[in-house]
Amino acid sequence: MIRVTVWNENVHEREQEHVKAVYPDGIHNCIKRFLESDEVAVTTATLDMPDCGLPDEVLNNTDVMIWWGHCHHHEVPDELAKKVQERVLKGMGLIVLHSGHYSKPFKLLMGTSCDLRWRDGDRERVWCVNPTHPIAQGLPDYFELEHEEMYGECFKIPKPDDVVFAGWFAGGELFRSGCTFTRGNGKVFYFQPGHEEFPTYKNEYVQKIIKNAVQWAKPVQMLETLECIHPEEPIEK
Ligand code: ZN
């Protein structure tokens with residue numbers, strides 16, 4: 001059983017009627033519904049819960065975390081962001097969605113500004129540029145999102161391990177929409193589509209990508225721990 005925790009800021013859905021109309025019980029519950037299966041158990045956590053919904057007990061029992069945040073990244077305590085980073089280094093998978101590019105855990109793991117070019121709604125064509133990658137399995141050459149927020153290059157991230165999807169926007173911009181990274185023993189996938197005003201997470205291809213990403217990002221069974229290979233004292237010359 002893969003234990004997934006979907007973390008969502010969950011502010012737009014509560015405060016803005018037009019967003020509530022798209023995701024009446026929050027983006028986190030929409031993701032939970034399509035993700036849950038006989039082999040995937042999903043817990044949700046939101047910013048307004050005690051400890052942001054991520055006390056140690058939840059963190060330590062999560063195999064893959066999914067992160068959606070936008071306007072309230074600063075309300076996530078630095079200490080919690082650091083704990084998420086440390087869990088990833090030990091092997092927890094992390095899937096960062098859309099405006100989560102500015103979340104504290106993602107920025108900590110990337111070590112860069114994660115800035116990007118931005119524009120309001122546009123039509124996006126999401127191209128699969130790495131069809132043999134596990135996250136691309138079952139996806140067509142491309143699919144279209146009639147309304148999605150434009151994120152454009154240059155995306156200030158470190159060089160990804162793989163670029164799996166590339167987004168083209170009708171306004172002419174390009175974006176590395178699906179990128180993978182390895183940090184310590186953990187796998188990280190960033191996926192750009194998912195603006196809160198549009199029903200992106202109800203799109204069958206977007207759902208397939210997130211399902212594939214969970215399978216890809218789940219921790220592998222380590223044959224032996226790598227934690228004790230460092231000598232406690234510096235080696236004397
Ligand atoms: Zn957005």
Inset, instruction - Using only heavy-atom distances, determine whether the side chains of Q16 and E196 contain a donor-acceptor pair under 3.5 Å. - result: no
Inset, instruction - Please collect all side chain to side chain donor-acceptor pair (under 3.5 Å) contacts where either partner lies in residues 38-48, sequence neighbours excluded, each pair once. - result: T46-D48
Is there a side-chain contact between [X] and [Y] (heavy atoms, below 4.5 Å)?
X: Q85; Y: K82; answer: yes
X: P55; Y: P50; answer: no
X: Y190; Y: I157; answer: no

Please output the side-chain donor-acceptor pairs of residues 210-218 that fall under 3.5 Å, not counting sequence neighbours, one pair per line with the distance.
unit_1 : atom_1 : unit_2 : atom_2 : d
N212   : ND2    : I135   : O      : 3.0
N212   : ND2    : Q137   : O      : 2.8
Q215   : OE1    : K218   : NZ     : 3.2

Inset, instruction - Could you check S177 against E124 for side chain to side chain donor-acceptor pair (under 3.5 Å), going step by step and ending with a plain yes or no? - result: CA-CA 10 Å; S177 293; E124 179 177 8; 3.3 Å; yes
Legend entry - Aromatic contact, F155 with F175 (centres under 6.0 Å):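 Centroid distance F155-F175: below 6.0 Å, so yes.
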Inset, instruction - Assess K202 against Y23: is NZ or CZ under 6.0 Å from the centre of the six-membered ring, and within 45 degrees of the ring's axis? - result: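 Geometry flag: set, cation within 6.0 Å and 45°.
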Listed partners of [X] passing ring pair (Phe, Tyr, Trp, His ring centres under 6.0 Å), at least two apart:
X: H101; value: Y151
X: F198; value: H147, H195
X: F181; value: none
X: W168; value: none

Inset, instruction - Check P131 against V129 and note the closest heavy-atom contact, atom names and distance. - result: CD-C, 3.7 Å
Legend entry - Sidechain N-carboxylate O distance under 4.0 Å for R33, D25: yes
Legend entry - Lys/Arg-Asp/Glu bridge criterion (N-O < 4.0 Å) met for E173, R119: yes
Legend entry - side-chain contact (heavy atoms from CB on, under 4.5 Å) evaluation trace for V206 with L145: CA-CA 9 Å; V206 169; L145 298 167; 4.2 Å; yes
